[in-house]
Engineer: 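Dumping the structure here so I can ask a few things about it.
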Amino acid sequence: MRCTRIHVSCLRSLQTKGSSNLQRVNHSPPRKATAGRQPDAMTFSLTESDIVKWNVAITNHMRNGQCESAMRLFNSMPRRSSVSWNTMISGYLSNNRFDLAHQLFVKMPNRDLVSWNVMISGYVRNGKLRDARLLFDKMPDRDTVSWNAMLSGYAQNGYVDEARRIFDKMPNKNSISWNGLLAAYVHNGRIEDAQRLFESKADWDVVSWNCLMGGYLKKRRLVDARRVFDQMPLRDEVSWNTMISGYAQISELSEAKRLFVESPVKDVYAWTSMVSGYVQKGMLEEARKYFDKMPEKNSVSWNAMIAGYSQCKRMDLARELFEVMPCRNVSSWNTMVTGYAESGDIAHAREFFNMMPQRDCISWAAIIAGYAHIGHSEEALRLFLDMKRDGERLNMSTLTCILSTCANIAALELGKQMHGRLVKAGFGSGCYVGNALLAMYCKCGDIEEAHDVFKGISEKDVVSWNTIIAGFARHGFGKEALNLFESMKRAGIKPDDVTMVGVLSACSHTGLVERGTEYFYSMGDDYGLTANSKHYTCMIDLLGRAGRLYDAHSLMKNMPFEPDAATWGALLGASRIHGDTELGEKAAEMIFKMEPDNAGMYVLLSNLYAGSGRWGDAGKMRLKMRDSGVRKVPGYSWIEVQNKIHMFSVGDSTHPECGRIYAYLEDLDFLMKKEGYVSSTKLVLHDVEEEEKEHMLKYHSEKLAIAFGILTIPSGRPIRVIKNLRVCADCHTAFKYISKIVGRVIILRDCHRFHHFKDGFCSCGDYW
DNA sequence: GTAGGGTTAG
């Protein structure tokens, strides 16, 4: 994109003196040359034309990212025109060398209006709006280009109101200004405002019509988009392509194909839209047919096809194409990194990431998300810091991606910093970011802040409601979750299947058996929803926990589909709580058949045996686990202290503060026993001597993390700890005592739910 | 030097 811009300007300056007769290929009206653009080109002497050749060479070097050789050329020029200076500045800006651009700008002997505009638009292109605005306010004269550059900067970065203020203040407006404001509304989802603006005047050009049409498509308002398409007085290839891709992207491929055939201009955009349409529907053969038939391909077309293979986890085919494609760019690399990351092959993802000749924010977001996805959050966070060190600019999407990483590892402080940055950058109240923030606070255990963020989202969608309902449910505030569910319905948002999972799990986590049963059986009548396996699993969990194992089992037998491992897992969990070894064995047997690698199930079953004193069977489970090559996921806990994540495993001796932590745990142990605490050795997996068992319980990872938290986090603030497995019953009891003894709130997230310990009680009501 | 369409993240 950036290069094209330099390219066009360079052609245009050659064109001005008649040496070339290039015609624009597309059908849009020729762009008017701005006043003040012509003068130096009018009287070209031989040396002037030599200067032009130098300038063209500089442009080419800059386009290839060779800033140093461009600078050498510039320095060796016998004479320089203002165009030479501006070309250098603009080249630097396109290559993100902002300081160098600014230095040249300051040094430039006869700065013209264009130099100022080059600087401003360079900053704007890279989202550096404050720098742009500083120059804009300082510049001696402004023309329409200057105003438009600022306007589009605000428009593209979500500052709709500031864009409007600029628009209102402009002394002269051209069609670009009007389109800038229109785009401001469209890009920020304010389609109604765009529509009103559009209706307020008559002489819109084809760009405006296309923009409005694109806005409707973005909102998936296909009928409105089509109406615009049918009504527009003039269509260019962009109009056709926008409409074709609109149909293609909602998988209306027959209509897309019809328009494609009908369209008078089938350029590379149109072909690529068709490829991508079939790719999105997973119809790879059809996509490949279009891809092979394309008269010309560019990197985007190749990328679309590669993305198709990578989305279907056919990384072999993706790689084959990647290796033969003639024009790889950052996106091609990003597509490969993403593809590998999403198919769980983080090693290859990392290999490609490391090999990339250039990276952008998407590359970083992709690899970070890759690590976050497989739970390697430490590495994700390390990469985030590397990214900042690399000077990669944070945009809304990267921030959103980092937010979800923070959420996964419950890095609340870091998440809060991200929140601050989002607000500062003006991304605060949007639904997309709002939902990510909401999820982050929920997963980090700060349900109050989550609720505040939720209240601040101006346009709550079904995802916002689902997130907060599930959030309250997981924190054990079932009544609040159900109240929100009622408000949601009052607000006119239709509950979907995800909502109902949240609602049912709220009932399950709170023990509201009757109410849950009612919701479950009225889902179809009330909201037209069919229960899926997740809903059944919630119900089996709900009944099972309440001790109604028989009902749970018969509900499962009457399911309209085969139970999956998660459903059996709910039954196994309930069997363990209520000591029904026979049912537990049956459930475990089924799970082993379905997921022979599920280490958690071996542990659950082994615990079930151990709990009823069947040490022999518990031992057999361990052997079976070892023989089948399944390894138990080691339990670990982590806690964030002063922006740093500290991780602990059972009996950990690697932490620098180990000595203090163990000594403190001894003190706590003494105090707890004085209060009546007895360690429940029953639930330790291993078959060992009583004393040793107690020793192991004492140093479970969550205990170490919480002790460290009490020692380092100032009093008055809650201790937030995360555990990757379910918290053990002994730790759970201990934390109730500890919360009372030290007078602290302890918030523990295990893989299942949240526990808020306060004054000797837990929010789960010992029901988890 | 300023505006609209197709690929990659979320």
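Just so it is clear: chains get the letters A, B, ... in the order the sequence lines come, proteins before strands, and each one is counted from 1.
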Engineer: Between A:Thr467 and A:Val463 (side chain of the first, backbone of the second, donor and acceptor by atom type, cut-off under 3.5 Å), is there such a pair?
Structural biologist: yes
Engineer: Is the closest basic N to carboxylate O distance between A:Asp168 and A:Arg165 below 4.0 Å?
Structural biologist: no
Engineer: Any salt bridge (charged side-chain N to carboxylate O under 4.0 Å, His left out) involving residues 322-341 of chain A? Give me the pairs, sequence neighbours left out, ordered by first then second residue.
Structural biologist: A:Arg319-A:Glu323
Engineer: What nucleic acid atoms does A:Asn86 come within less than 4.0 Å of, heavy atoms only: base, sugar-phosphate, or nothing?
Structural biologist: nothing
Engineer: Tell me what A:Val337 touches on the nucleic acid: a base, only sugar-phosphate, or nothing, going by heavy atoms under 4.0 Å.
Structural biologist: nothing
Engineer: Look at the side chain of A:Thr335 and the base of B:dT8, then say whether one donor and one acceptor between them are separated by less than 3.5 Å.
Structural biologist: no
Engineer: Under 4.0 Å, counting only non-hydrogen atoms across every strand here, what does A:Ala369 touch: a base, just sugar-phosphate, or nothing?
Structural biologist: sugar-phosphate
Engineer: Choosing from B:dG6, B:dT8, B:dG4, which nucleotide comes nearest the side chain of A:Ile362?
Structural biologist: B:dT8
Engineer: Hey, is A:Arg133 close enough to A:Asp131 for a salt bridge, meaning N to O under 4.0 Å?
Structural biologist: no
Engineer: Is it true that A:Lys281 and A:Glu252 make a salt bridge, defined as a side-chain N closer than 4.0 Å to a carboxylate O?
Structural biologist: no
Engineer: Should the side chain of A:Asp267 and the base of B:dG6 be counted as holding a donor-acceptor pair, with the cut-off at 3.5 Å?
Structural biologist: no
Engineer: Base, sugar-phosphate alone, or nothing: which one does A:Asn329 contact when heavy atoms must sit under 4.0 Å apart?
Structural biologist: nothing
Engineer: With the threshold set at under 4.0 Å for non-hydrogen atoms, list the residues of residues 272-281 of chain A touching DNA chain B in residue-number order.
Structural biologist: A:Thr272, A:Ser273, A:Ser276
Engineer: A:Asn298 side chain: which of B:dG6, B:dG4, B:dT2 is closest?
Structural biologist: B:dG6
Engineer: Once you round it to whole Å, what is the distance between P of B:dG10 and NZ of A:Lys218?
Structural biologist: 19 Å
Engineer: Within the distance-only criterion (no hydrogens, no angle test), does the side chain of A:Asp345 pair as donor or acceptor with the backbone N or O of A:Ala341 below 3.5 angstrom?
Structural biologist: no
Engineer: If you check every side-chain atom of A:Asn210, which of B:dA3, B:dG6, B:dG4 has the closest atom?
Structural biologist: B:dG4
Engineer: On the side chain of A:Asn303, is there an atom forming a donor-acceptor pair with the base of B:dG6 - under 3.5 Å, no angle test?
Structural biologist: no
Engineer: Which residue pairs pass the salt bridge (charged side-chain N to carboxylate O under 4.0 Å, His left out) test with at least one member in residues 306-315 of chain A, sequence neighbours excluded?
Structural biologist: A:Arg314-A:Asp316
Engineer: Heavy atoms from C-beta onward define the side chain here; which of B:dG6, B:dT2, B:dG4 lies closest to that of A:Val145?
Structural biologist: B:dT2
Engineer: Taking OP1 and OP2 of B:dA9, is either one under 4.0 Å from a side-chain nitrogen or oxygen of A:Gln311?
Structural biologist: no
